[in-house]
Amino acid sequence: MSREYKPQVIEKTIQEDWIKNNKFKAMPDDREKFYCLSMFPYPSGKLHMGHVRNYTIGDVISRYKRMNNFNVFQPMGWDAFGLPAENAAIANKVSPKDWTNQNIEHMKEQLISLGLGYDWSKELRTCDPDYYKWEQLIFKKFYEKGLVYRKKSLVNWDPIDETVLANEQVIDGKGWRSGAQVEIKEIDQWFIKITDYAEELLSSLDEVDWPENVKLMQKNWIGKSYGAEIKYRIENSEECLITFSTRPDTIFGVSFIAISPSHPISKNLAKENDSVKKFLAKCKETSSAEADMAKAEKLGISTNINVLHPLTGNKIPVWIGNFVLLDYGTGVVMGVPAHDQRDFEFASKYKLNIEQVITSENTDLPLIQKGKLINSGEFDNMESDEASVKIINKLRDKNLGEELIQFRLRDWGISRQRYWGCPIPVVYENGVPKVIEENKMPVELPELPENSPPIPLSQNNKFRSISENIKRETDTFDTFMDSSWYYARFTSADNNNEIFDNNSKYWLPVDLYIGGIEHAILHLLYSRFFHKALRDMDMLEGNEPFKKLLTQGMVLKDGAKMSKSKGNTVDPQSYIEKYGADTVRLYMMFTAPPEQSLEWSESSVEGASRFIKKVWNLVIEREYEEIAEPKNFSKEEMGLRRKTHSTLKKITNDFETRYSFNTAIAAIMELLNFIPDSFKDIKASDSNKYCLNESIIIILKTLNPIAPHVSEYLWKNFYGNFSHEEIESSWPEINEDLLEVSEFELVIQINGKVRGKKLISKELNQDEIEQEAKTIENVAANLKNKKIKKVIYIKEKIINFVI
RNA sequence: GGGGAUGUGGUGGAACUGGUAGACACGCCAGGUUUAGAACCUGGUGCCGCAAGGCGUGUGGGUUCGACUCCCUCCAUCCCUACCA
């Protein structure tokens with residue numbers, strides 16, 4: 001009678017046992033610590049496959065580290081403020097708060113049912129006043145440090161709904177709900193000077209163990225460029241237009257200057273000039289998202305203003321261009337059509353001069369590369385780099401320019417005109433902003449009236465109006481603020497008196513941070529900035545928050561990202577219920593390596609389940625018997641022992657250095673398939689059983705991080721009556737002696753094509769190996785009557801005869 | 001438009017440092033077991049070919065004794081693009 005594998009029964013009991021025994025509660029001690037953090041979820045309602053994948057990876061690594069005697073801290077919380085709660089509130093007539101809290105309760109149950117080993121004593125949610133009071137305090141400190149300021153900036157405005165829209169709420173230039181043509185509107189907003197840290201955000205990327213592609217993305221995003229600030233005096237005026245260019249060497253090719261539609265000059269012109277006014281109105285029709293602006297047709301209008309070229313004194317026309325961003329650089333661009341793609345298209349369209357100032361050999365314009373200057377007066381024949389230096393010197397002499405380092409990174413706009421977010425702790429006395437005192441924090445988000453849709457704080461008079469002269473700020477923080485410091489708060493989440501207590505010194509930095517590649521730039525950059533700013537205020541230590549980063553690929557179905565709008569979502573819950581958490585975890589880890597996208601496949605889930613059942617069937621009817629290590633092993637026994645330990649070695653390497661769980665699992669499967677049937681027989685010899693025991697122990701232990709329930713259950717069942725050793729207590733040791741072999745398989749090639757294979761003793765030298773190789777029939781036939789030009793021998797691998 | 005990735009059998013993937021392409025699994029085929037089915041077990045399975053052999057890692061080229069791996073070209077798909085999180 002074999003007992004049947006019923007994950008629903010065993011998983012629940014084991015999970016309850018873990019919680020009862022505080023298995024995952026972490027406290028500082030004298031072991032080496034390992035802070036493993038997975039990006040906390042937005043509580044959208046239920047877990048999706050992306051979460052399951054992310055959190056399984058984190059849990060597998062955490063469990064592996066625990067087995068290797070690390071003090072592991074793995075917390076979990078909720079990124080609970082945000083737009084979807086407001087949308088749900090409108091759609092379902094529930095308050096954002098209730099909706100969010102209900103979602104959290106459900107998702108927490110789901111996380112537990114997946115067997116994820118979190119320290120729930122440090123759970124946090126960003127919509128909790130006990131969390132965001134500290135965020136308001138951080139804002140105050142930033143303000144006092146001069147990192148916060150107010151500035152006008154652009155938002156997407158829906159004129160019918162009279163709300164600010166997020167970029168994703170603008171579809172083809174129309175508001176998603178109202179369908180109205182969205183307008184770009186300029187409003188006052190709070191900004192954080194992340195650019196003060198641009199240099200360090202760039203340089204300290206060298207300190208972290210992150211994937212190179214993510215570092216590169218951050219580097220390009222920060223975008224440090226060396227160039228010059230060049231002044232163009234406006235004709236008949238004392239004023240100048242200041243441009244930034246990375247190519248001062250092309251200054252003699254400037255044929256127009258383009259300014260942003262938001263530039264004060266543009267706005268002034270619009271007051272008196274109807275066509276400019278119409279043009280600016282048209283520019284307001286593109287959404288403020290960079291991708292939309294870049295794809296929009298390049299449009300411009302002449303201003304009839306001229307500036308004077310700083311070196312030649314020639315008149316240069318000033319245009320307004322819809323592609324010029326006021327926020328980037330100086331909001332003014334010098335147009336060099338011959339040597340810049342965008343300028344070339346613009347000049348061609350509006351029939352502006354195209355003057356080539358860098359030589360080219362039969363290359364079409366625009367010519368982007370550097371080279372030798374022409375048509376540049378005294379700078380002719382110089383190379384670009386030299387010319388740049390000399391041109392800047394000359395401009396400096398004339399007080400019309402100087403060298404400048406420019407960053408692409410812009411300051412961080414943190415104001416949001418929404419309800420479901422952390423209130424910005426500011427009051428205006430007669431219009432003058434003042435951050436409120438710490439002892440008046442938190443400024444709590446007011447409750448909504450029963451069954452009310454979310455009302456923006458600006459319309460909530462009770463909240464807004466303190467007195468005749470004193471009004472509250474009604475914007476809330478960007479939710480990226482909430483997620484920029486949660487990693488640090490986790491260490492002290494149960495301490496209501498201090499934002500970061502002594503535990504933060506022990507646990508930080510995060511040793512491994514795991515999350516989706518889609519966060520490669522913004523979230524990670526903002527968190528890095530927060531950490532540095534908090535360090536400079538002596539609130540945290542160290543330069544970087546996340547020592548190592550693992551970016552996981554997306555879960556796809558039918559080649560596309562799972563999304564509600566495409567209708568291709570797969571709900572993990574039904575799979576957990578049908579197959580059990582262990583199967584879902586194993587499937588997730590087996591189907592693709594963490595960094596790659598994972599294509600969902602129903603039948604592969606069956607495969608994962610089948611494997612677990614095979615392990616179950618092997619172990620469930622067995623009990624450990626103590627057998628003394630036999631003096632001699634048969635060839636077959638040695639084969640199994642060698643396979644067992646070489647598998648263990650591979651798995652250890654895959655876990656330790658590659659996070660390559662799919663190959664580790666494949667190796668366990670291979671080992672299971674390798675066990676001879678005769679060893680499994682009840683009447684097998686003691687030495688057979690000894691070897692089988694060894695294999696079972698290693699299979700269960702190496703499977704434990706991935707499939708913790710079934711491996712623990714089988715472990716207790718197998719070992720329980722004999723020993724109280726717990727499965728998660730230690731990772732098995734590799735017996736290196738078993739891995740030494742005296743022979744290897746030599747591959748024999750002729751001109752790089754495989755012609756034969758042979759087992760060769762490691763004791764032979766190259767000449768002897770060559771002779772051995774030539775005795776192989778197929779090799780000999782191919783070499784017959786041929787002159788061997790060259791022999792290439794790669795030790796214990798390949799011999800290649802070149803003929 | 002810009003930035004970053006990815007592309008290997010019917011499918012998911014493996015090949016870790018330039019050295020046997022296709023591990024492991026899914027699917028499919030054949031057989032066993034079964035009254036039948038499910039489940040399970042055994043064997044086969046890149047393509048062409050009777051075979052010898054040839055071809056084969058998105059496309060086209062290059063470097064090399066040898067290329068999935070390095071270089072160049074083009075194509076396709078995905079992510080980010082500062083207010084989705």
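Residue numbers begin at 1 in each chain, while the letters A, B, ... track the order of the sequences.
Across all strands, A:Ala289 comes closer than 4.0 Å only to sugar-phosphate atoms, never to a base (heavy-atom distances). A:Leu409 comes within contact range of at least one nucleobase, with a heavy-atom separation under 4.0 Å. Counting any heavy atom pair closer than 4.0 Å across all strands shown, A:Phe323 reaches no nucleic acid atom. Residue A:Asn673 is in sugar-phosphate contact alone, with no base atom involved, counting any heavy-atom pair closer than 4.0 Å across all strands shown. Among the protein residues, A:Lys614 comes within range of the sugar-phosphate backbone only, with heavy atoms under 4.0 Å from sugar or phosphate atoms but none that close to a base.
Between A:Glu606 atom CD and B:A39 atom C1' the separation is 11 Å, expressed in whole Å. Atom pair A:Phe661:CZ and B:A14:P shows a separation of 13 Å (rounding to whole Å applied). Atom CD1 in A:Ile651 sits roughly 19 Å away from atom P in B:A23 (whole-Å rounding). Spacing between atom CE of A:Met588 and atom P of B:C26 amounts to 18 Å, rounded to whole angstrom units. Between A:Tyr5 atom OH and B:C40 atom C1' there is a gap of 17 Å when expressed in whole angstrom units. Atom NZ of A:Lys797 and atom P of B:A15 are 14 Å apart (whole Å). If you take CG of A:Asp292 and P of B:C80, they are 14 Å apart, rounded to a whole angstrom. Between A:Met293 atom CE and B:C80 atom P the separation is 20 Å, expressed in whole Å.
In this structure, A:Phe40 has its ring center at least 6.0 angstrom away from the ring center of A:Trp78. Taking the six-membered ring for Trp, A:Tyr131 and A:Trp485 have ring centres closer than 6.0 Å. Residues A:Phe655 and A:Phe661 place their aromatic rings such that the two centres sit under 6.0 Å apart.
Comparing B:A15 with B:C68, their C1' atoms sit 8 Å apart, to the nearest whole Å. A distance of about 16 Å separates the P atoms of B:G13 and B:C78, rounded to the whole Å. Comparing B:G58 with B:A14, their P atoms are spaced 14 Å from each other, to the whole Å. Nucleotides B:A30 and B:U77 have their P atoms positioned 38 Å apart, rounded to a whole Å.
In terms of modelled atom types and a separation under 3.5 Å, the side chain of A:Tyr42 and the main chain of A:Phe81 share no donor-acceptor contact. Looking at A:Lys349, its side chain does come within 3.5 Å of a backbone N or O of A:Lys298 through a donor-acceptor pair.
Shortest non-hydrogen contact noted between A:Ala258 and A:Phe323 is CB-CZ, 4.1 Å.
Here the side chain of A:Asn778 is nearest to one of B:A25, B:A21, B:G53, namely B:G53. Distance from the side chain of A:Lys753 is smallest for B:G54 among the nucleotides B:U20, B:G54, B:G13.
Side-chain contact, A:Glu606 with A:Tyr579: a donor N or O sits under 3.5 Å from an acceptor N or O. No side-chain N or O of A:Asp158 forms a donor-acceptor pair with one of A:Trp176 less than 3.5 Å apart.
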Got a list of protein N/O to nucleotides 83-85 of chain B N/O distances below 3.5 Å?
from, atom 1, to, atom 2, distance (Å)
B:C83, OP2, A:Arg416, NH2, 2.6
B:C83, O4', A:Arg416, NE, 3.2
B:C83, O4', A:Arg416, NH2, 3.3
B:C83, O3', A:Asn167, N, 3.4
B:C83, O2', A:Asn167, N, 2.7
B:C83, O2, A:Arg418, NH2, 2.0
B:C83, N4, A:Gln189, OE1, 3.1
B:C83, N4, A:Gln417, OE1, 3.0
B:C84, OP2, A:Asn167, N, 3.4
B:C84, OP2, A:Glu168, N, 3.0
B:C84, O4', A:Glu168, OE1, 3.2
B:C84, O4', A:Glu168, OE2, 3.1
B:A85, OP1, A:Leu83, N, 3.3
B:A85, OP2, A:Thr479, OG1, 3.4
B:A85, O3', A:Asp79, OD2, 2.5

For nucleotides 62-69 of chain B, which of its nitrogen or oxygen atoms have a protein nitrogen or oxygen under 3.5 Å away, and what is each distance?
from, atom 1, to, atom 2, distance (Å)
B:C65, O2, A:Asn800, ND2, 2.5

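Between A:Trp600 and A:Tyr575, the two ring planes are perpendicular [angle over 60°; tilted spans 30° to 60°].
The neighbour count for A:Lys224 NZ, taken as heavy atoms of other residues, nucleotides or ligands under 6.0 Å away, is above 12. By the 6.0 Å contact criterion, CG on A:Asp172 is open, its count of non-hydrogen atoms from other residues, nucleotides or ligands being 12 or less. Open room surrounds NZ on A:Lys284; 12 or fewer heavy atoms of other groups in view lie less than 6.0 Å from it.
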Summarise protein proximity over nucleotides 1-11 of chain B in one line of letters, 5' to 3': B for base, S for sugar-phosphate only, - for none, counting protein heavy atoms closer than 4.0 Å. B-SSS------
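Judged by closest nucleotide on RNA chain B, A:Ala592 is the one of A:Ala592 and A:Glu745 placed further toward the 5' end. If you find the closest nucleotide of RNA chain B to A:Asn662 and to A:Val754, the one lying nearer the 5' end belongs to A:Asn662.
Residues satisfying the side chain to side chain contact (heavy atoms under 4.5 Å, CB included) test with A:Val164, not counting sequence neighbours, are A:Val155, A:Trp157, A:Gln417. The side chain to side chain contact (heavy atoms under 4.5 Å, CB included) search around A:Asp681 returns A:Lys683, not counting sequence neighbours.
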Between A:Arg150 and A:Glu473, does the salt bridge (charged side-chain N to carboxylate O under 4.0 Å, His left out) criterion hold? Intermediate values first, please. CA-CA 12 Å; A:Arg150 259 168 103 64; A:Glu473 169 63 75; 3.5 Å; yes
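Remark: A:Lys613 is not positioned above the aromatic ring of A:Tyr5, lacking an NZ or CZ atom under 6.0 angstrom from the ring centre and at most 45 degrees off the axis.
Stem regions for RNA chain B, each three or more consecutive Watson-Crick or G-U pairs with both distances under 3.5 Å and listed by first number, read B:1-7 with B:75-81, B:10-12 with B:24-26, B:27-32 with B:40-45, B:46-48 with B:53-55, B:60-62 with B:70-72.
Taking side-chain N and O atoms only, A:Arg610 has no distance below 4.0 Å to OP1 or OP2 of B:C41.
Glycosidic conformation of B:G9 is syn; the angle stays within 90° of 0.
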